[in-house]
Amino acid sequence: MIVKKIRNQNTPKPKTKQVADLVDYIRQPHNTNPAEKIEHSGGLNFLTGTHSSQKKEMIILATETVYSKMPVSHYVFSWREHEQPTAEQVDELVDIFLREMGLEGCQTVYGLHYNTENYHVHIAVNRMHPVSMKVIDPNHGFDIEAAHKVLALVEHRQGWSSEAKARYTVNQAGDVVRRPRKNSTLSPKQPALDFECATGEKSAQRIAQERGHAIIREAKSWQELHEKLEVAGLRLEKKSSGAIIFVGEIAVKASSVDRAFSLGKLCRRLGEFVPGNYSVDLPAPDPEPVSFINLKQWKQYRAERSRQASSAASMPEESPEIGLLKDLHRKDRATLHERLSGHPRCILNIARHALKLQQREEMRLLLLRKTKKPVRSRRRRFEDWLWDRDMHRQADRWRYRKALESLPEEFRGAPTVMATPTREPLASYTAHKRAMLKAVPDTEPDRLNAYIALQMRKEGFSREAVTEIILECAPQDRPGQPERNWRRYAVRMAACAFGIEGDLRLARGSTAKKKQQGEHEQEKLEEQAQPEEAPRVEEKQGTAPRQALRMR
């Protein structure tokens with residue numbers, strides 16, 4: 001499982017509109033986007049029971065505070081592709097979340113969505129307590145750390161899989177403890193990783209780490225540091241009390257490349273800062289792919305983006321009439337205070353708002369009358385670009401690129417299963433279920449069905465056959481959930497087994513098997529290479545060895 005906090009965006013929408021849109025999206029996402037699907041929703045700590053009345057309650061309480069710009073926080077918990085929580089498990093997660101975050105008694109709206117490959121629950125909680133009328137700051141501002149502890153508790157209690165880089169785990173005593181940190185490799189910060197995921201190209205921070213980290217770490221003087229950075233296509237400058245590394249025209253904080261590269265630590269190591277004498281303006285580096293996965297499609301994506309950028313650069317300059325109107329608007333805004341100097345400040349605020357609306361309408365009419373301003377579309381994400389072109393498999397490979405990169409080259413493609421089923425689907429399902437429960441008796445049901453679906457795929461069963469047998473057998477293991485949509489459950493289980501995650505599991509199994517065979521063959525070769533011990537000849541008392549007799 002993973003957890004993420006959705007940050008509040010700088011938006012001109014008032015607080016009431018933001019809260020209303022968030023609550024509507026969580027409980028009724030199909031009204032905003034027909035592709036959004038919801039399976040379960042709920043609300044806690046409200047006086048009323050309907051959606052509209054609970055939304056009004058949350059809006060009224062959120063507007064009571066004047067010290068918090070947005071007291072309603074938005075969190076998302078997401079499960080792995082083969083995991084499908086029930087309504088009871090979602091309710092339990094929300095209860096644990098409120099208790100561990102110190103938000104018990106606060107108004108909460110949540111909804112379980114399944115429009116993506118992973119089930120995920122949205123939680124909107126009003127941090128203003130309805131009794132104390134104070135805004136609660138979970139974990140003294142470190143709410144993400146507290147949310148990761150919630151993650152560990154939910155995984156332990158409900159049997160979900162944890163991520164490889166999970167921060168916390170539950171020990172045998174039932175306490176949440178920090179996982180020991182492994183020797184982490186140098187990696188960009190999260191905003192840079194988000195940029196790489198969106199565009200498929202290396203971020204400026206990664207380029208600075210790859211090209212400049214060793215130079216800065218091993219430099220003995222400022223002159224040596226500047227000279228080698230210039231050769232690498234970088235430059236380092238001092239800005240205020242910090243150091244900045246320029247990758248072309250993009251500035252990267254030196255401390256974000258490595259904490260040891262802050263200006264204070266560099267000065268303690270190299271002496272007082274000496275600016276570099278960079279001869280020419282360093283050109284911006286050419287875009288580099290961050291991964292070799294989907295390299296051909298990435299080149300096409302880059303070429304299309306380059307054409308869009310060139311067309312945007314060739315747009316006609318702003319007409320003189322638009323510039324004159326902007327100057328006039330700027331002058332009106334600057335003199336408004338003088339014209340209303342004798343009126344109260346509330347009148348000035350009303351006049352400013354009315355002037356803004358008037359100027360906006362005047363600019364809109366002028367643009368419609370004088371120029372056909374082209375609409376600049378937002379830069380398309382690489383993954384969305386793949387989906388738009390029906391490259392579904394490539395889009396899935398991009399999502400799992402980290403796992404694919406870790407596999408040997410011969411296992412990075414889709415594994416082909418040439419087997420033919422030798423028994424009925426029900427017999428296969430039962431046999432794999434018995435084997436799994438014998439090895440791990442307390443296996444979580446979703447994990448059990450995902451394992452069975454993958455093993456049946458290896459046997460050669462079709463996706464449709466796996467879907468039907470899971471639809472037939474899975475409800476029997478959970479007789480207390482008759483209202484669940486078992487058809488959707490079976491379809492998603494089969495999609496996981498026959499999708500990119502199933503490919504990865506088969507590839508990992510083949511890799512482990514090949515490695516085990518290689519180790520076994522190596523042991524046999526080592527045994528054959530060892531010389532056999534010569535048979536020991538025991539000497540009888542009073543006789544000399546045969547070797548000694550020959551020497552005589």
Side-chain angles (χ1 to χ4, degrees), residues 1-4 22-33 35-46 48-55 58 74-101 103-126 147 150-162 442-450 467 470-496:
M1 291 181 66
I2 61 174
V3 61
K4 185 176 183 181
L22 177 58
V23 175
D24 286 338
Y25 168 72
I26 290 177
R27 277 189 169 163
Q28 301 173 350
H30 49 274
N31 293 339
T32 305
N33 183 6
E36 296 277 353
K37 306 294 182 182
I38 186 168
E39 182 168 309
H40 173 65
S41 64
L44 295 173
N45 305 314
F46 290 98
T48 55
T50 64
H51 169 71
S52 58
S53 58
Q54 290 181 354
K55 179 172 65 175
M58 184 172 281
H74 183 192
Y75 298 86
V76 179
F77 288 83
S78 180
W79 285 262
R80 287 198 172 186
E81 192 169 344
H82 66 277
E83 297 174 340
Q84 302 184 39
T86 62
E88 293 76 11
Q89 289 173 327
V90 174
D91 295 339
E92 184 183 21
L93 182 149
V94 176
D95 292 337
I96 296 173
F97 170 80
L98 295 178
R99 183 181 70 247
E100 297 299 323
M101 299 286 283
L103 296 171
E104 288 181 300
C106 293
Q107 296 172 341
T108 306
V109 173
Y110 58 94
L112 179 65
H113 295 193
Y114 63 93
N115 55 292
T116 64
E117 289 82 0
N118 306 79
Y119 269 78
H120 54 280
V121 59
H122 294 264
I123 302 175
V125 55
N126 189 355
V150 173
L151 208 63
L153 283 172
V154 173
E155 291 170 351
H156 175 71
R157 185 163 300 181
Q158 299 182 358
W160 307 118
S161 303
S162 60
D442 56 346
T443 304
E444 196 268 336
D446 288 349
R447 193 176 303 175
L448 175 63
N449 286 314
T467 302
I470 292 179
L471 178 61
E472 177 184 349
C473 299
Q476 300 176 7
D477 298 334
R478 298 179 181 180
Q481 302 175 14
E483 73 286 349
R484 189 169 191 181
N485 190 331
W486 289 106
R487 167 65 64 177
R488 183 166 66 241
Y489 177 88
V491 168
R492 292 178 70 98
M493 277 293 172
C496 175

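- Within the 4.5 Å cutoff, the side chain of S78 has heavy atoms near those of the N118 side chain.
- Within the model, atoms SG of C106 and CE of M58 stand 9.5 Å from one another, a figure rounded to the nearest 0.5 Å.
- Separating the CZ atom in R27 from the NE2 atom in H113 is a distance of 11.0 Å, to the nearest 0.5 Å.
- With Y114 as the aromatic partner, R488 meets the cation-pi criteria of under 6.0 angstrom to the ring centre and within 45 degrees of the ring axis.
- Using a 4.5 Å cut-off on side-chain heavy atoms (C-beta onward), L103 and T108 make no contact.
- Counting heavy atoms from C-beta on, the side chains of V3 and V150 never come closer than 4.5 Å.
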- Item | L44 vs L98, side-chain contact (heavy atoms from CB on, under 4.5 Å): CA-CA, chis, key distance, verdict | CA-CA 10 Å; L44 295 173; L98 295 178; 3.7 Å; yes
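- Taking all atoms of both residues into account, the shortest heavy-atom contact from I470 to P475 is O-CD, 3.8 Å.
- Inter-residue side-chain proximity for S53 and F46 is flagged as unmet; no heavy-atom pair is nearer than 4.5 Å.
- Looking at E100, its side chain never comes within 3.5 Å of a backbone N or O of A147 through a donor-acceptor pair.
- Taking the six-membered ring for Trp and the full ring otherwise, Y119 and H40 have centroids separated by 6.0 Å or more.
- Side-chain contact between M101 and V125 is absent, with no heavy atoms from C-beta onward closer than 4.5 Å.
- Heavy atoms only, all atoms of each residue included: R492 and Q84 are closest at CB-NE2, 3.3 Å.
- Put simply, NE2 on H156 and OG on S162 are 12.0 Å apart, with the number rounded to the nearest 0.5 Å.
- A donor and an acceptor atom, one from each side chain of R484 and T86, are nowhere located under 3.5 Å apart.
- Closest non-hydrogen pair, P85 versus E39, comes out as O-OE2, 4.2 Å.
- Looking at every heavy atom in both residues, R447 comes nearest to S161 through NH2-OG, 3.1 Å.
- Annotation: ring-ring contact (aromatic ring centres under 6.0 Å, His included) contacts of Y110 (sequence neighbours excluded): none.
- For N115 and E36, the side-chain atoms include at least one donor-acceptor pair closer than 3.5 Å.
- Between W160 and L151, the closest side-chain pair of non-hydrogen atoms is not below 4.5 Å.
- Scored by the ring-ring contact (aromatic ring centres under 6.0 Å, His included) test, H74 finds H122 as partners (sequence neighbours excluded).
- The minimum heavy-atom distance linking Y489 with A474 is given by the pair CE2-CB, 4.0 Å.
- Separating the CD atom in E83 from the CG atom in N449 is a distance of 12.5 Å, to the nearest 0.5 Å.
- Annotation: side chain of D95 is not in contact with side chain of E104 (no heavy-atom distance under 4.5 Å).
- Between the side chain of E444 and the main chain of G159, no donor-acceptor pair closer than 3.5 Å is present.
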- Working for side-chain contact (heavy atoms from CB on, under 4.5 Å), residues I2 and R80: CA-CA 8 Å; I2 61 174; R80 287 198 172 186; over 6 Å; no
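- Of the charged side-chain nitrogens involved, at least one lies within less than 4.0 Å of a carboxylate oxygen, so that D446 and R478 count as a salt-bridged pair.
- Just one residue in the list I123, L153, L112 forms a side chain to side chain contact (heavy atoms under 4.5 Å, CB included) with L93, and that residue is I123.
- Residues A124 and I26 approach most closely at CB-CD1, 3.4 Å, considering heavy atoms.
- Looking at heavy atoms from C-beta onward, V109 lies out of side-chain contact with H51 at the 4.5 angstrom threshold.
- We find the CE-CD distance between M493 and E81 to be 10.0 Å, quoted to the nearest 0.5 Å.
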